[in-house]
Amino acid sequence: PGGLLQAVTDGRALRRSWWQAEAPGSPALLHLALSGQIAPQALFISKLCISFAMPLLLSPFRLWAKFYAGACLLLLMYAMNTPVWHYPHAAFFALAYLAWAFWRLPSAAVGTRHCA
């Protein structure tokens, strides 16, 4: 944001209203996709992720998690390449964390042996 150094020195940067006025966050990814401000492929990927949510939850195969991690990374790239994307918001960082978490999900074979 412009004038960040001056805002820090006089204390304006400590107020939420200054950040809302000077550095507004970008709209959410699904809103961008539904309004047509992002590539139609992003909307298609979002629909795929929503429709494959149940197989991810119910299946013991972790290939679904790798698919979701790749889809989250593709959605992040599509979001950053739009002209309306300026600054990330909390959902952007949550999507990045979700991609990392899906990739690091342990295999189903880890929990199959139980001690009796």
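Atoms considered below: every heavy atom in the structure, side chains included; atoms not considered: hydrogens, waters and symmetry mates. Here the structure is a predicted model, which means the values were calculated and not measured.
Crowding of Lys47 atom NZ: a count of heavy atoms from other residues, nucleotides or ligands under 6.0 Å not exceeding 12.
Linking ILVMFWY side-chain heavy atoms closer than 4.5 Å, directly or via other members, places Phe44 and Phe52 in a single hydrophobic cluster. A continuous path of Ile, Leu, Val, Met, Phe, Trp and Tyr side chains, each step under 4.5 Å between heavy atoms, connects Met80 with Leu73, placing both in one hydrophobic cluster. Phe93 is connected to Leu76 through a chain of hydrophobic side-chain contacts under 4.5 Å among Ile, Leu, Val, Met, Phe, Trp and Tyr, so both are in one cluster.
Asp10 CG to Trp18 CH2: the interatomic distance, rounded to the nearest 0.5 Å, is 9.5 Å. For the atom pair CG of Leu48 and OH of Tyr68, the computed distance is 9.0 Å after rounding to the nearest 0.5 Å.
For the side-chain contact (heavy atoms from CB on, under 4.5 Å) criterion with Ile38, the lone passing option out of Leu75, Leu43, Thr82, Asn81 is Thr82.
Contact annotation: the side chain of Phe67 never approaches that of Phe102 to less than 4.5 Å [non-hydrogen atoms, C-beta and beyond]. Looking only at side-chain heavy atoms (C-beta outward), Leu74 and Met77 come within less than 4.5 Å of each other. Put simply, the side chain of Tyr78 reaches to within 4.5 Å of the side chain of Gln41, judged on heavy atoms.
Across all their heavy atoms, Ala69 and Ala99 have their closest contact at CB-O, 3.5 Å.
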